[in-house]
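Let me begin by presenting the structure, written as structure tokens, before commenting on it.
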Amino acid sequence: MPLRFYNTLTQDVEVFRPLQDNTVRMYTCGPTVYNYAHIGNFRAFTFQDILRRWLRYRGYQLNHVMNVTDVDDKIIVNAAQAKKSIKDYTAAFTQAFFEDAAALRLERPEHVAPATQHISQMVEAIQNLAAQGCTYQSDGSTYFRISSFPEYGKLSHNDFGGIRSGARVDVDEYDKADARDFVLWKARKEGEPAWDTPFGPGRPGWHIECSAMAMSYLGETLDIHAGGVDLIFPHHENEIAQSESITHKPFARYWLHSEHLQIESQKMSKSLGNFYTVRDLLEMGYQPEAIRYLLASVPYRKKLNFTFEGLKAATKSIERLRDFELRLTTTKFPPGSNPEIAGRSRAAIEQFENGMDDDLNTAEALAAIYEYVRAMNTAIDENRFREDNRWDAARVLEIFECVFDCLKPADQAIARSEESPVGGTLPDSDIERLIEQRTAAKKARDFQKADAIRAQLLEQGIVLEDTKDGVRWKRK
RNA sequence: GGCGCGGUAGCCAAGUGGUAAGGCAGAGGUCUGCAAAACCUUUAUUCGGCGGUUCGAUCCCGCCCCGCGCCUCCA
């Protein structure tokens, strides 16, 4: 089965094919840098990362643009409260965002587009819309006239036909002709940043940046546009209205939306205090790979119930896979290759691929890995695993890592020094020497001394495992 | 009210018209000087409830109950 995605536009699962040759032109809605992004935000960004990685695994070249909204109401308010310039304020949170993203091993898109660096493209887009009669001005602001776009509502599947200007709209509340009209350009206000334009000084409305930047980097029709479900309406609906009014062509062919993350079955909110950032969780001592694994392990269209129990389970799951990888690389196997193992490896890869191809069903893909790992552990226990089968197993783990990227530990020196400043980093040579001493003690049947050495190493975060091929150790 | 998503074992979570993947946790066991790791067995006669279609439904249809999201800024 070919690669398929659920398309919000058609409400159906569709086979994916890029418009032009082998390149996928993709636009995703990035962060608004008014604060630290929380793990709910990062669920969406992790989904986008998984999407990127799987597209590439499937042989596509990527041209991915992500915007950074660096001017909006909240930014203006927060920066003022922090007594910082907009520029300094957003620069700090932009940097923090990419630090967190790096901790979660999110690939950097080919283009990161800050809104304030693309004002001219937005101005051009608005002028184009004005020329086509899709806009009007009111009190110095420029609005998009929704009645000029009959298809409005096709993404969110809302029927706005019945709602006409004046019908149920409180005309005093807005300066808009129709309650659903949205602002393209906000009139200048005292104390707010503003740019001079042919249609007056002011700053961009939220939606226009995505249309303008997406089309300037990727052309009139994108292959994929992705974001969180909360963006379907009005943001993406408005993007379609703007873009298609300009080009009269489809703006994006596949619309992919990730579901929200909930915390302990509740909505995430500041008032409930259940609002976690990546750095909150890292400070609690959780591994970034575990956060990534947890966010990636639940298929993106399903609500993800974040719990600490789940985060701990993710940590243990990764440990199991790491232990398997360690066993593979440290065990001595008889020479040759067992064709049964090779065949089982190919089957695991196929199952993994089938899962991912099915609208990025990561749960299915993971099941393939775990079933495989258990089968291989059994094969090793029963001495059916051969030297050359190492490469079969390594290939399976490699493909897993292409997507999940959580086996290689983060910089352990840093992680450990934060967690246990006393413990420090014991050099490998010291560890090896202590292990030799313990082995000698064991040989002399001095188990008390042997266990003391093992306990001593454990205090340093070093776990020993006796195997028939000798002692294996790992950092906890 | 409109639009949309979901309710599967203690927790997380796949899935199919023919009788329930996987992970974590729990219990028992094998192995081990003891551990660790690994493996084995075990944990849903049952998939929110009630009807219907069908030889047969967790999966299709209807109704109901519950949770969540969007409809204003929001991943």
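Residue numbering restarts at 1 for every chain, and letters A, B, ... go by the order of the sequence lines. Computed over heavy atoms, backbone and side chain alike; hydrogens, waters and symmetry mates excluded.
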Checklist line | Aromatic plane relationship, W255(A) with H225(A) - under 30° parallel, 30 to 60° tilted, over 60° perpendicular | finding: parallel
Check: Is the F308(A) ring parallel, tilted or perpendicular to the F306(A) ring (thresholds 30°, 60°)?
Finding: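 If you compare the ring of F308(A) with that of F306(A), the planes turn out perpendicular.
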Measure distances between side-chain N and O atoms of [X] and base N and O atoms of [N], and say whether any donor-acceptor pair falls under 3.5 Å.
X	N	value
D451(A)	rG33(B)	yes
D381(A)	rC40(B)	no
K303(A)	rC5(B)	yes
R454(A)	rA35(B)	yes

Strictly by Watson-Crick or wobble contacts shorter than 3.5 Å, is anything paired with [N], and which nucleotide is it?
N	value
rU72(B)	none
rA9(B)	none
rG51(B)	rC61(B)
rA27(B)	rU41(B)
rU32(B)	none
rU19(B)	none

Check: When the nearest nucleotide of RNA chain B is assigned to S297(A) and to E319(A) on a heavy-atom basis, which residue is associated with the more 5' position?
Finding: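 The residue mapped nearer the 5' terminus is S297(A).
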Note to self: Return whichever of S156(A) or K302(A) has its heavy-atom-nearest nucleotide of RNA chain B closer to the 5' end.
What the structure shows: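 Final value for this comparison: S156(A).
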Candidate nucleotides [options], ranked by approach to the side chain of [X] - the nearest:
X	options	result
D230(A)	rC71(B), rA75(B), rC39(B)	rA75(B)
R438(A)	rC68(B), rC12(B), rG33(B)	rG33(B)
H38(A)	rC24(B), rA38(B), rA75(B)	rA75(B)
P234(A)	rC71(B), rA38(B), rA14(B)	rC71(B)
E259(A)	rG33(B), rA75(B), rC5(B)	rC5(B)
E309(A)	rA75(B), rG10(B), rC73(B)	rG10(B)

Note to self: Given the ring of Y6(A), does R301(A) sit roughly above its face, with NZ or CZ under 6.0 Å from the centre of the six-membered ring and within 45° of the axis?
What the structure shows: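 Geometry flag: set, cation within 6.0 Å and 45°.
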Is [X] close enough to [N] that one of its side-chain N or O atoms is under 4.0 Å from OP1 or OP2 there?
X	N	answer
N361(A)	rA14(B)	no
R320(A)	rC39(B)	yes
Q11(A)	rG4(B)	yes
R374(A)	rG22(B)	yes
K474(A)	rA36(B)	no
N158(A)	rG2(B)	no

Item checked: Smallest separation among heavy atoms of F144(A) and A241(A), with atom names -> CZ-O, 3.6 Å
Notebook entry, point to check: Any chance the side chains of T69(A) and N67(A) put a donor and an acceptor closer than 3.5 Å?
Noted result: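 Yes, N67(A) and T69(A) have a side-chain donor paired with an acceptor closer than 3.5 Å.
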Notebook entry, point to check: Will you find, in the side chains of D280(A) and T277(A), an N or O donor that is under 3.5 Å from an N or O acceptor?
Noted result: yes
